Structure formats: structure tokens, C-alpha cells
Amino acid sequence: MDAKHSIAADLLNWYDAHRRDLPWRAPPGAQADPYRVWLSEVMLQQTTVATVTPRFTAWVARWPDIASLAAADEAEVMAAWAGLGYYARARNLVKAAKVVAAEHGGRLPDNEAALRALPGLGDYTAAAVAAIAFGRRAVVIDGNVERVVARLFAAAGKPAVRAAAEAITPDRRAGDFAQAMMDLGATICTARSPRCMLCPLAAACVARATGAQESFPVKPAKKPRPQRFGTIFWLQRGDEVLLVRRPARGLLGGMRALPTGPWGETRPALADAPADADWRLRNATVTHVFTHFALELALAVARWDAQTIPVAGEWWPVREIDSAGLPTVFAKAAAAIRGE
DNA sequence: TAACCGTGGCA
DNA sequence: TTGCCAAGGTT
């Protein structure tokens with residue numbers, strides 16, 4: 001057995017003894033449900049296992065298979081995703097479920113290329129589903145694999161990492177191999193302070209040999225995060241507050257929301273209010289950090305006494321605001337206004 | 001290619 | 001407190 005086969009064998013042996021028990025994983029040797037594998041992979045995109053686990057369980061209780069998801073009410077789906085972030089994932093889940101229902105007989109395609117063509121499945125997710133759900137040999141590269149492989153071979157740059165990952169991916173048990181790499185990356189070969197003393201691959205690790213494990217993978221410098229400002233408009237009629245639906249694309253796309261003016265580089269006042277009302281600006285502000293900018297929101301509050309609705313939207317019971325499926329930034333604003 | 005796209009936990 | 005980090009994808 002050569003060195004590269006030995007890596008896969010050693011890793012799989014470690015996996016058989018130390019694999020994490022996760023709700024989307026089938027018991028050892030059993031066939032995984034492709035829908036659950038797909039759903040978990042999408043939920044786990046840039047999202048921790050701890051965050052995903054309860055959301056996954058609730059999701060499959062509500063939409064247990066692809067057919068139910070393809071027929072789901074999109075507003076309910078978006079509300080169910082609220083708080084998880086990267087909301088295009090939820091929109092693409094429904095889109096892909098409809099494609100699978102209409103064009104694939106209701107079953108996920110069982111090969112990487114066809115999976116890759118579905119919305120929301122990129123190189124990583126298509127490979128992961130092909131390997132984990134269908135036992136295909138696929139080169140699965142996520143952040144964990146990139147880190148593990150970069151350290152194992154002191155590989156710098158994505159092409160070098162991919163070549164190395166391709167070389168060590170076994171023909172058999174490719175799905176277990178991928179999950180083993182991810183478990184190793186999540187529990188042993190961590191980004192900070194890796195536990196090399198516990199690593200089943202330590203003897204083969206090039207970076208470890210020179211003490212350079214924390215220098216891999218090589219990360220590009222990050223750009224500064226700009227500051228933006230905006231105003232949230234809380235319009236209350238009796239015990240209800242005005243909620244709107246954000247545009248289908250872009251930031252928080254398709255999500256229920258509190259009305260807000262545009263977010264710019266200077267502090268706005270009461271421009272772009274959804275109604276001509278007696279707006280009062282609160283002293284407190286709400287801050288929220290997105291991936292690529294930080295936001296400071298002023299809070300404007302007014303009453304609305306007419307029976308009409310000033311803009312396209314809905315009156316929502318304030319007492320039930322937590323069930324509206326608001327993204328976190330709006331949930332924060334609602335909590336701040338109600339708490340005062 | 002690089003910008004855009006969320007959130008919560010942790011050192 | 002601030003920045004980093006987590007099973008990435010789309011345009």
C-alpha cells in the first residue's frame with residue numbers, strides 16, 4: 001500500500017471509531033436519505049453544526065421529503081429559514097425541489113454533473129451529495145478538506161489543494177472519506193490550535209513535520225467592512241405593526257421585514273418613510289453586522305389610525321412578532337422598540 | 001475575478 | 001471589544 005492509499009485507509013479507520021452522530025447521517029453501512037443529505041449540506045454552507053442541528057430536525061418534520069418541499073408555500077419556507085442567513089439558500093432549495101419534481105421524477109439525480117446543474121448546488125455540494133448519498137467517487141472540497149489537505153501536503157493555493165485531494169480520494173467509501181475529512185477538520189485539524197497529538201494522519205503531515213501547521217491554508221487578506229446607516233419605520237395600528245416583503249433578490253431577499261429606507265453612508269432622517277405620519281425618532285439605535293458591511297439603524301415610530309394600508313404589506317400582531325419569520329436585523333429592531 | 005450574500009460563537 | 005471563523009453559491 002502506498003502512502004496516499006494509506007492516508008485514506010488510516011482516515012477511514014479513525015472515522016469508523018470516532019465519527020460524529022449527526023441527525024442527517026445514516027447508521028454505519030446504511031443508505032442515507034438523499035433529501036436529508038442535500039438539505040443538511042445546504043444548511044451547513046457557512047453555518048455551524050450546532051446552529052444547523054435543531055433547524056434541520058424541525059425542517060424535516062415539516063417538509064419530510066422533496067415532494068412536500070416542492071409543493072410548499074414559499075412564504076412559509078422563507079419564514080422557516082429566518083435567522084439562518086444567506087436566504088438565497090432557501091429560495092434555491094424550493095427552486096431545486098420543483099426542478100427535481102418536474103424533471104427528475106421526484107428523485108435527486110444520482111450523479112455529480114446533474115446535481116451541479118440544480119440551483120444552489122455548487123462544486124462542493126454536488127460532490128458531497130454524489131459521494132455521501134449515492135456512493136459516487138467525487139472530490140469533495142469544503143473548508144475542512146482544504147485545511148486538512150493544505151497542511152498534509154503543505155499545499156498553497158486552490159489548484160494544489162485540489163490536485164492533492166484528488167490524489168487521496170479513494171474509489172470506495174468516497175462518502176465516508178469526505179465525511180471523515182470534515183470530522184477531522186472540525187474536531188482535530190481545526191483552524192486554530194489543531195490537536196496534532198490526536199490526529200490519525202500526523203505522521204504523514206508535511207506541515208506538522210516543520211511545525212508549520214497553523215500557517216496553512218494560506219488565506220487572502222480581508223478588506224475592511226464599511227459602515228452604513230438607515231432607518232427602521234415601525235408603524236403601529238392598534239395592536240398590529242406594518243410588515244412588508246423585501247424584493248426577491250439581493251440582501252435578505254424574499255424575507256418579511258420592517259419597512260426601511262435605503263441604507264447609505266450618511267445618517268438618514270425620516271426620508272423614505274412608508275407613510276405620511278407623525279414619526280418620532282427614538283434615541284436608541286440598533287446595530288447589526290452583515291458579511292460585507294456594518295449597519296446602524298435609527299428607529300422611527302408612528303401610529304396609523306386609518307383603516308387603509310399605506311403601502312403593500314400586512315398588519316401583523318405585535319404580540320406574535322416572533323413568529324413572523326423576520327431576519328435577525330429586524331427582530332433586533334422589533335425587540336428594541338417593544339422593550340422601550 | 002471579485003463583490004455580494006447572514007448569523008452566532010469564540011478567543 | 002473586535003476580528004475570525006463555520007460542510008459555499010451566484011453573478
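Chain A is the first sequence line, chain B the second, and so forth, proteins listed ahead of strands; every chain is numbered from 1. Note that this is a predicted model, so its numbers are computed, not measured.
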Using OP1 and OP2 only, check whether a side-chain N or O of [X] sits under 4.0 Å from [N].
X: A:Gln45; N: C:dG8; answer: no
X: A:Thr48; N: C:dA7; answer: no
X: A:His292; N: B:dC4; answer: no
X: A:His288; N: B:dT7; answer: yes

Q. When you match A:Val329 and A:Arg228 each to their closest nucleotide on DNA chain B, which lands nearer the 5' end?
A.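 Going by which nucleotide is closer to the 5' end, it is A:Arg228.
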Write down the distance between [atom1] ([X]) and [atom2] ([N]), rounded to a whole number of angstrom.
X: A:Leu121; N: C:dA7; atom1: CG; atom2: P; value: 18 Å
X: A:Leu251; N: B:dA3; atom1: CG; atom2: C1'; value: 13 Å
X: A:Lys158; N: C:dG9; atom1: NZ; atom2: C1'; value: 13 Å
X: A:Leu39; N: C:dA7; atom1: CG; atom2: C1'; value: 13 Å
X: A:Glu146; N: C:dG8; atom1: CD; atom2: C1'; value: 11 Å
X: A:Asn92; N: C:dT11; atom1: CG; atom2: P; value: 8 Å
X: A:Lys332; N: B:dG6; atom1: NZ; atom2: C1'; value: 11 Å
X: A:Lys222; N: C:dC5; atom1: NZ; atom2: P; value: 6 Å

Considering only [options], which nucleotide approaches the side chain of [X] most closely?
X: A:Thr291; options: B:dT7, C:dA6, C:dA7; value: B:dT7
X: A:Tyr86; options: C:dT10, C:dG8, C:dA7; value: C:dG8
X: A:Arg192; options: C:dC4, B:dA2, C:dG8; value: C:dC4
X: A:Thr328; options: C:dC5, B:dT7, B:dC5; value: B:dT7
X: A:Asp142; options: C:dA6, C:dA7, B:dC5; value: C:dA7
X: A:Tyr124; options: C:dT10, B:dG6, C:dA7; value: C:dA7

Under 4.0 Å, heavy atoms only, any strand: does [X] hit a base, just the sugar-phosphate, or nothing?
X: A:Ile141; value: nothing
X: A:Leu84; value: base
X: A:Ser40; value: nothing
X: A:Gly185; value: nothing
X: A:Arg55; value: nothing
X: A:Trp24; value: base
X: A:Val42; value: nothing
X: A:Ala128; value: nothing

Heavy-atom donor-acceptor pair, [X] side-chain to [N] base, under 3.5 Å:
X: A:Thr51; N: B:dG9; result: no
X: A:Thr125; N: C:dG8; result: no
X: A:Arg147; N: C:dA7; result: no

When the [atom1] atoms of [N] and [M] are considered, how many whole Å apart are they?
N: C:dA6; M: B:dC5; atom1: P; answer: 22 Å
N: C:dT11; M: B:dG6; atom1: P; answer: 14 Å
N: C:dA7; M: B:dC10; atom1: P; answer: 15 Å

**Q.** Contacts of type side-chain hydrogen bond (donor to acceptor under 3.5 Å, both in side chains), residue A:Gln227, not counting sequence neighbours
**A.**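 Listed in chain order: nothing, the list is empty.
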Q: Output, in order, the C-alpha distance, side-chain angles, deciding distance and verdict of side-chain contact (heavy atoms from CB on, under 4.5 Å) for A:Gln45 and A:Thr125.
A: CA-CA 9 Å; A:Gln45 288 167 6; A:Thr125 305; 3.0 Å; yes
Q. A:Phe229 and A:Trp263: ring-ring contact (aromatic ring centres under 6.0 Å, His included), yes or no, with the steps?
A. CA-CA 5 Å; A:Phe229 303 91; A:Trp263 298 342; over 10 Å; no
Q.
side-chain contact (heavy atoms from CB on, under 4.5 Å) for A:Asp305 and A:Arg237? Distances and angles first, verdict last.
A. CA-CA 6 Å; A:Asp305 296 319; A:Arg237 185 190 71 168; 6.0 Å; no
**Q.** Donor on one side chain, acceptor on other, A:Arg89 and A:Asn92, under 3.5 Å
**A.**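 No donor-acceptor contact under 3.5 Å links the two side chains.
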Q. Can you tell me if A:Tyr124 and A:Glu41 form a side-chain donor-acceptor pair at under 3.5 Å?
A.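 Note: A:Tyr124 and A:Glu41 side chains meet the donor-acceptor criterion.
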Q) Are A:Phe290 and A:His288 close enough, and set up right, to give a ring-ring contact (aromatic ring centres under 6.0 Å, His included), and what steps lead you there? A) CA-CA 7 Å; A:Phe290 293 99; A:His288 189 73; 4.8 Å; yes
